[in-house]
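Submitted below is the structure of interest, expressed as structure tokens.
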2 protein chains.
Amino acid sequence: MATADPARPGFHLPLLLLAGFRTLIDDLHAELAREGHPELRPLHGFVLQAVGADGTTASELGQKLGISKQAAGKTVDRLVAVGYLERADDPSDARRRLVRVTPRGADGLRRSAEIFDRLRARWADTLGPDRVTALEDDLGTMASANWFRLDMPGWFGG
Amino acid sequence: MATADPARPGFHLPLLLLAGFRTLIDDLHAELAREGHPELRPLHGFVLQAVGADGTTASELGQKLGISKQAAGKTVDRLVAVGYLERADDPSDARRRLVRVTPRGADGLRRSAEIFDRLRARWADTLGPDRVTALEDDLGTMASANWFRLDMPGWFGG
DNA sequence: CTATTTCGTCAACCACGTTGACTACCTTAC
DNA sequence: GTAAGGTAGTCAACGTGGTTGACGAAATAG
């Protein structure tokens with residue numbers, strides 16, 4: 001493969017990280033689809049996670065995810081449409097529209113966590129538990145600068 | 001951060017991989033912009049790389065990147081518009097339109113490789129060269145299935 | 001010479017992001 | 001109590017990156 005050209009070692013690392021991420025994410029969603037959540041898309045897990053048990057609002061969500069409130073609102077729309085989130089009025093502030101995870105959303109979230117645990121175990125089986133931990137430690141050290149920003153336009157569109 | 005919740009260790013790994021990738025890619029493009037390539041988007045580097053020194057066609061490119069020929073064609077359009085790729089007729093086959101990297105494209109590619117080397121060196125400075133190598137080895141082992149596919153819809157859209 | 005395949009493109013569509021403008025509402029200050 | 005200002009949510013237009021389906025032109029197979 002061109003990008004794995006040994007003459008350009010610098011290209012290895014980003015591609016490996018991307019491929020590793022993709023492998024995990026693809027496996028997760030294949031399993032999630034098998035377990036009754038075929039509509040759940042890769043971004044959705046992060047969004048559900050960010051909404052959390054206490055609920056939130058579109059603006060807050062946008063801030064948490066590093067995207068605009070409009071983009072967050074649209075994503076909520078989609079997740080509401082497939083039944084993973086619901087909106088409710090905030091009695092204490094008529095401007096706000098509370099966003100909450102539905103039972104179905106909670107189920108998807110729970111299964112995601114379980115599946116990720118199993119996938120991590122598979123990595124541990126292949127590499128050894130210590131190396132997976134070391135990998136996580138090292139990545140944690142290096143990645144701490146850009147933490148948990150999902151605003152895709154940084155690398156893709158927009 | 002919610003997704004880094006220690007109670008859900010399974011969420012660590014994918015997020016770390018994503019964050020690591022993002023950090024690298026963001027740093028690359030910040031530096032690339034500084035060096036005279038502000039139009040270069042994260043995907044573009046992979047595409048230029050896939051076009052290669054010998055040139056290719058939209059269909060071939062699509063196959064290499066794991067996307068449709070139409071998507072590949074559109075991406076080529078954009079890269080032609082900003083001067084990184086050019087099209088030429090294939091004298092031996094009137095259906096084909098050769099896609100080639102321009103000198104400007106080659107410059108961007110060369111700089112990308114250099115910058116990635118420097119970024120990798122930074123990782124090596126922080127973690128130690130042996131751990132970076134180990135990280136690459138382990139990721140290579142785990143990620144070997146999904147190599148260099150850019151079809152975002154798998155995780156994002158459509 | 002005809003049938004099939006392949007290459008490139010067009011058109012419609014979807015997911016995901018952006019900015020700008022606007023309404024409705026809460027809050028603060030006078 | 002009202003005017004002013006900030007905040008929440010939505011609408012509209014747009015850009016990027018993907019998808020499928022349809023189609024003409026050119027190469028290839030029979």
Side-chain angles (χ1 to χ4, degrees), chain A residues 18 22 25-26 29 38-47 50 55-82 84-85 87-99 149-158, chain B residues 18 22 25-26 29 38-48 50 55-82 84-99 149-158:
Chain A
L18 177 57
R22 280 217 51 162
I25 290 294
D26 287 353
H29 287 88
E39 316 92 337
L40 226 35
R41 300 229 137 267
L43 275 181
H44 297 167
F46 296 128
V47 175
T56 184
T57 65
S59 291
E60 262 178 43
L61 191 58
Q63 262 185 294
K64 263 190 230 179
L65 298 176
I67 59 178
S68 65
K69 60 181 181 175
Q70 294 95 325
K74 278 204 244 179
T75 301
V76 170
D77 285 345
R78 287 173 209 126
L79 280 165
V80 167
V82 290
Y84 287 86
L85 290 178
R87 279 192 233 253
D89 290 326
D90 184 337
S92 73
D93 188 336
R95 291 169 308 177
R96 304 182 66 195
R97 304 227 56 203
L98 256 303
V99 176
R149 298 196 68 232
L150 288 185
D151 52 326
M152 300 309 164
W155 14 319
F156 309 115
Chain B
L18 178 57
R22 279 218 50 164
I25 290 293
D26 287 354
H29 286 88
E39 316 92 336
L40 227 34
R41 300 225 138 268
L43 277 181
H44 296 167
F46 296 129
V47 175
L48 290 178
T56 184
T57 66
S59 292
E60 261 177 44
L61 190 58
Q63 263 186 294
K64 264 189 230 181
L65 299 176
I67 60 179
S68 65
K69 60 181 181 175
Q70 294 95 326
K74 277 205 245 180
T75 301
V76 170
D77 286 345
R78 288 173 206 126
L79 280 164
V80 167
V82 288
Y84 288 85
L85 289 178
E86 61 184 6
R87 281 192 231 253
D89 292 325
D90 184 338
S92 73
D93 186 338
R95 292 169 309 177
R96 304 183 62 187
R97 303 226 58 203
L98 256 302
V99 175
R149 297 194 68 227
L150 288 187
D151 55 326
M152 300 309 162
W155 13 320
F156 309 115

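Throughout, a chain's letter reflects where its sequence line sits, starting with A, and its residues are numbered from 1. Since this is a predicted model, take the numbers as computed values, not measurements.
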Distance check needed: dT19(D) P versus L65(B) CG, whole Å only. 10 Å

Between S68(A) and dC16(C), does any side-chain N or O lie under 4.0 Å from OP1 or OP2?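 Answer no for this pair, as no side-chain N or O of S68(A) is under 4.0 Å from OP1 or OP2.
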
Nearest to the side chain of K69(A), which nucleotide is it out of dG8(C), dG9(D), dC26(C)? dG9(D)

Just how far, in rounded Å, is P of dG17(D) from CG of L40(B)?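 To the nearest whole Å, that distance equals 11 Å.
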
Could you check whether A94(A) gets within reach of a base, just the sugar-phosphate, or nothing at all, counting any heavy atom under 4.0 Å?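 Touches sugar-phosphate only.
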
Quick one: R96(B) CZ to dT28(D) P, roughly how many Å, whole number?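 Distance check: R96(B) CZ to dT28(D) P gives 11 Å.
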
Options dT18(C), dG17(D), dA25(D), nucleotide nearest the side-chain atoms of I67(A): dT18(C)

Nearest to the D93(A) side chain among dG8(C), dG17(C), dC25(C), which nucleotide is it?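 From the listed options, dC25(C) comes nearest.
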
Can you check the D90(A) CG to dA24(C) P distance for me, whole Å? 19 Å

Minimum-distance nucleotide to R41(A) side chain [options: dC26(C), dT19(D), dC16(C)]: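 Of the options given, the side chain of R41(A) lies nearest dC16(C).
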
Taken to the nearest whole Å, CZ/R95(A) to C1'/dC25(C) is 5 Å

Is any side-chain N of the basic residue among R78(A) and E39(A) closer than 4.0 Å to the acidic one's carboxylate O? no

No-H, no-angle donor-acceptor pair, Q70(B) side chain to dG21(D) base, under 3.5 Å: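 When only heavy-atom distances are counted, Q70(B) does reach the base of dG21(D) through a donor-acceptor pair under 3.5 Å.
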
Phosphate OP1/OP2 of dG9(D) contacted by S59(A) side-chain N/O (<4.0 Å): yes

Using heavy atoms to find the nearest nucleotide of DNA chain C for S92(A) and K74(A) separately, return the residue whose nucleotide is more 5′.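 By nearest-heavy-atom nucleotide position, the 5'-most residue is K74(A).
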
Hey, does the side chain of T57(B) come within less than 4.0 Å of dG8(C)'s phosphate (OP1/OP2), counting only N and O?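 Yes, because at least one side-chain N or O of T57(B) sits under 4.0 Å from OP1 or OP2 of dG8(C).
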
Expressed in angstrom and rounded to an integer, what is the separation of L43(B) atom CG from dA15(C) atom P? 19 Å

Between D90(B) and R97(B), is the closest basic N to carboxylate O distance under 4.0 Å? no

Just the rounded figure in Å: distance from C1' of dA27(D) to CG of D89(B). 15 Å

R97(B), nearest nucleotide to its side chain (from dG8(C), dT18(C), dA26(D)):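 Ranking dG8(C), dT18(C), dA26(D) by closest atom to the R97(B) side chain puts dG8(C) first.
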
So, taking the atom named OG in S59(B) and the one named NZ in K64(B), what distance separates them when rounded to the nearest 0.5 Å?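 Spacing of OG (S59(B)) from NZ (K64(B)) equals 12.0 Å.
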
Side chains of T75(B) and L43(B): closer than 4.5 Å at any heavy-atom pair?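 A side-chain contact is absent here, since even the closest heavy-atom pair is not under 4.5 Å.
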
Can you confirm whether E60(B) is buried at CD, in the sense that more than 12 heavy atoms of other residues, nucleotides or ligands lie under 6.0 Å from that atom? yes

Atom CD of Q63(B) and atom C1' of dC7(C): how far apart are they, to the nearest Å?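 After rounding, the reported distance stands at 12 Å.
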
Does dG17(D) have OP1 or OP2 under 4.0 Å away from a side-chain N or O of R78(B)?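 Answer yes for this pair, as a side-chain N or O of R78(B) is under 4.0 Å from OP1 or OP2.
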
Heavy atoms, side chains only, cut-off 4.5 Å: are V76(B) and V80(B) in contact?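 Heavy-atom side-chain distance check passes, below 4.5 Å.
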
Is any side-chain nitrogen or oxygen of R87(B) closer than 4.0 Å to OP1 or OP2 of dT9(C)? yes

